[in-house]
Amino acid sequence: MKILVIGGGGREHAIIRKLLESPRVEKIYCAPGNGGISCDAQCVDIKAMDIDGVVAFAKENAVDLVFVAPDDPLAAGMVDALEQAGISAFGPRANAAIIESSKVFSKNLMKKYHIPTAGYEVFDNSQAALDYIKQNNVYPVVVKADGLALGKGVIIAADYQQAEDAVHSIMDDKIFGSSGNQIVVEEFITGPEVSVLAFTDGKTLKPMVSSKDHKRALDHDQGLNTGGMGTISPNPHYDQAMAELCSRTIFLPTIEAMAKEGRPFKGCLYFGLMLTKDGPKVIEYNSRFGDPETQVVLPRLKTDLVDILLAVVDERLDEIEIQWSDDAAACVVMASGGYPSSYQKGIEMFGMDENGQVEGATIYHAGTIKKEGKFFTNGGRVLGVTATGKTLDESLEKAYCAVKKISFEGAHYRTDIGK
Ligand code: AMP
Ligand code: GLY
């Protein structure tokens with residue numbers, strides 16, 4: 001098979017590495033890819049949002065399957081366009097990807113189908129939102145832009161002033177553009193967070209092994225929110241009993257709800273959960289594999305990923321048994337100096353071999369570019385340094401050992417992933 005993967009981050013590198021294990025794969029293309037991906041697949045110079053470009057390339061090159069990994073092309077209907085052109089695609093159609101691209105949609109879905117989540121109100125003008133927050137007078141309060149906002153659309157306001165600033169900047173100053181036409185004002189809930197990715201063909205759902213993200217930039221959960229500075233799998237807070245409870249009260253009700261709404265979800269559905277003292281609740285849904293969750297989940301997959309993708313596309317996921325390794329996995333993200341605020345690109349990297357790898361670990365490239373055999377930084381999150389082991393401690397030790405072999409000016413990473 002010829003497979004085209006859309007995207008160019010660490011998640012896509014992890015997907016490609018797993019696809020390469022399949023005997024069914026003859027050729028992998030990636031649009032646009034990155035420096036590390038170029039060692040494993042043929043990168044093509046098409047942007048992840050260029051729907052016409054992707055459809056044309058897939059047709060011209062007789063691509064058998066397109067794997068659309070990022071949120072924005074899914075929300076913009078890339079899978080719909082590919083299907084209309086007769087090309088198989090893994091990922092939800094736009095009418096199902098809305099479960100991530102509109103928080104108003106997902107909150108209303110959960111309310112309608114009694115899926116546990118934090119209490120909330122929706123507003124389409126800032127004065128009404130502020131009147132409500134003032135009258136309610138409970139802090140912290142969570143303010144969320146309705147639409148996609150590069151992972152920055154959630155603000156936890158400690159007092160009225162912070163809430164007022166958040167509401168004004170999202171709704172009046174439109175810092176996230178039209179994503180801020182509506183907002184969700186949400187109850188602040190607490191508890192350990194768990195990420196669960198699941199394969200689903202719209203009828204059957206098969207959860208993957210659990211993971212835990214580390215979203216803050218600095219050690220001890222300090223600093224700004226990022227796209228994720230590291231992950232571990234399994235998540236130590238998530239046991240078999242919790243998995244069963246989540247399946248019954250959250251996972252299955254969600255795919256049933258989407259089917260009832262005429263929006264069957266096919267692809268990978270990501271459940272961002274919080275285990276509160278009142279039970280597990282949904283913090284967010286994503287319509288795709290998480291980044292950097294994928295980097296610790298897929299290395300543990302033993303079943304051929306291509307078989308699973310085709311079963312999802314053909315709606316026969318019930319026929320497949322998916323097996324996972326009992327090993328643990330850890331991923332430490334190495335980021336550019338200054339990330340998640342402004343940072344430089346084009347800094348030379350040292351310590352990796354010609355394939356961008358280091359012995360004893362797997363280096364998933366995110367923001368890198370390869371020129372004349374050398375690697376240079378090309379983004380905020382640069383590498384996901386990943387290792388597996390019999391225990392979590394062993395995987396962490398191996399990952400940190402590999403991190404220490406790699407250097408580039410300004411590099412920073414958290415030293416407390418999994419601690
Ligand atoms: P999101 O972008 O939806 O993943 O939200 C970013 C982070 O904000 C989550 O990982 C949580 O840590 C936090 N968060 C979101 N909603 C709530 C909530 N209702 N209560 C407490 N924390 C929240
Ligand atoms: N790591 C969180 C996400 O992919 O949205």
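All of these numbers come straight from a predicted model, not from anything done at the bench. Numbering of ligands and ligand atoms starts at 1, following listing order. Below, each value reflects all heavy atoms present in this structure, side chains not excepted, and no hydrogens, waters or symmetry copies.
Contacts between Asn286 and ligand 2 below 4.0 angstrom, taking non-hydrogen atoms only, involve the side chain exclusively. By the criterion of a heavy-atom distance under 4.0 Å, the side chain of Glu293, and not its backbone, is placed next to ligand 2.
Within the listing of ligand 2, atoms 2 (C) sit less than 4.0 angstrom from a heavy atom of Tyr270. Interface of Gly227 with ligand 2, defined as ligand atoms under 4.0 Å from a residue heavy atom, comprises 1 (N). The ligand atoms of ligand 2 that sit less than 4.0 angstrom from a heavy atom of Gly290 are 4 (O). Using a 4.0 Å cut-off to heavy atoms of Asp213, the atoms of ligand 2 that qualify are 1 (N), 2 (C).
Not a single N or O atom of Lys215, backbone or side chain, sits closer than 3.5 Å to an N or O atom of ligand 2. On a distance-only criterion, Asp291 and ligand 2 share at least one N/O pair closer than 3.5 Å.
The aromatic rings of Phe199 and Phe90 sit perpendicular, their planes meeting at an angle over 60°, well past the 30° parallel limit.
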Give a table of atom pairs where an N or O of ligand 1 lies under 3.5 Å from a protein N or O.
from: ligand 1; atom 1: 3 (O); to: Glu284; atom 2: OE1; distance (Å): 3.4
from: ligand 1; atom 1: 4 (O); to: Glu284; atom 2: OE1; distance (Å): 3.3
from: ligand 1; atom 1: 4 (O); to: Glu284; atom 2: OE2; distance (Å): 2.8
from: ligand 1; atom 1: 10 (O); to: Glu193; atom 2: OE1; distance (Å): 2.7
from: ligand 1; atom 1: 10 (O); to: Lys215; atom 2: NZ; distance (Å): 3.3
from: ligand 1; atom 1: 12 (O); to: Glu193; atom 2: OE1; distance (Å): 3.4
from: ligand 1; atom 1: 12 (O); to: Glu193; atom 2: OE2; distance (Å): 2.4
from: ligand 1; atom 1: 16 (N); to: Lys144; atom 2: NZ; distance (Å): 3.0
from: ligand 1; atom 1: 19 (N); to: Glu186; atom 2: OE2; distance (Å): 2.6
from: ligand 1; atom 1: 19 (N); to: Glu187; atom 2: O; distance (Å): 2.9
from: ligand 1; atom 1: 20 (N); to: Ile189; atom 2: N; distance (Å): 2.9
from: ligand 1; atom 1: 20 (N); to: Ile189; atom 2: O; distance (Å): 3.4

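Note on ligand 2: Gly272 sits outside its first shell, no heavy atom being nearer than 4.0 Å. The closest approach between a heavy atom of Gly228 and any atom of ligand 2 is not below 4.0 Å. A heavy-atom separation below 4.0 Å is not found between Phe289 and ligand 2. Residue Arg288 places a heavy atom under 4.0 Å from ligand 2.
A centroid separation of less than 6.0 Å is found between the aromatic rings of Phe271 and Tyr285. Centroid-to-centroid, the aromatic rings of Tyr29 and Phe57 come within less than 6.0 Å. Close placement of the Tyr132 and Phe123 rings is indicated, their centers lying within 6.0 Å of each other.
Asn108 and Tyr120 share a side-chain donor-acceptor pair at under 3.5 Å. One side chain, Asp131 or Gln127, offers a donor N or O that lies under 3.5 Å from an acceptor on the other. When only modelled atom types and interatomic distance are considered, Thr368 and Asn378 share no side-chain donor-acceptor pair under 3.5 Å. For the 3.5 Å distance criterion, the side chains of Asp172 and Ser126 qualify, holding a donor opposite an acceptor.
Taking a 6.0 Å sphere around CZ of Arg263, one finds it holds more than 12 heavy atoms contributed by other residues, nucleotides or ligands.
Taking the ring centre of Phe251 as origin, the terminal cationic atom of Lys206 falls outside the region bounded by 6.0 Å and 45° from the ring axis. Geometric assessment of Lys345 against the ring of Phe376 yields a negative cation-pi assignment under the 6.0 Å and 45° thresholds.
The shortest distance between side-chain heavy atoms of Asn34 and Ile369 does not fall below 4.5 Å.
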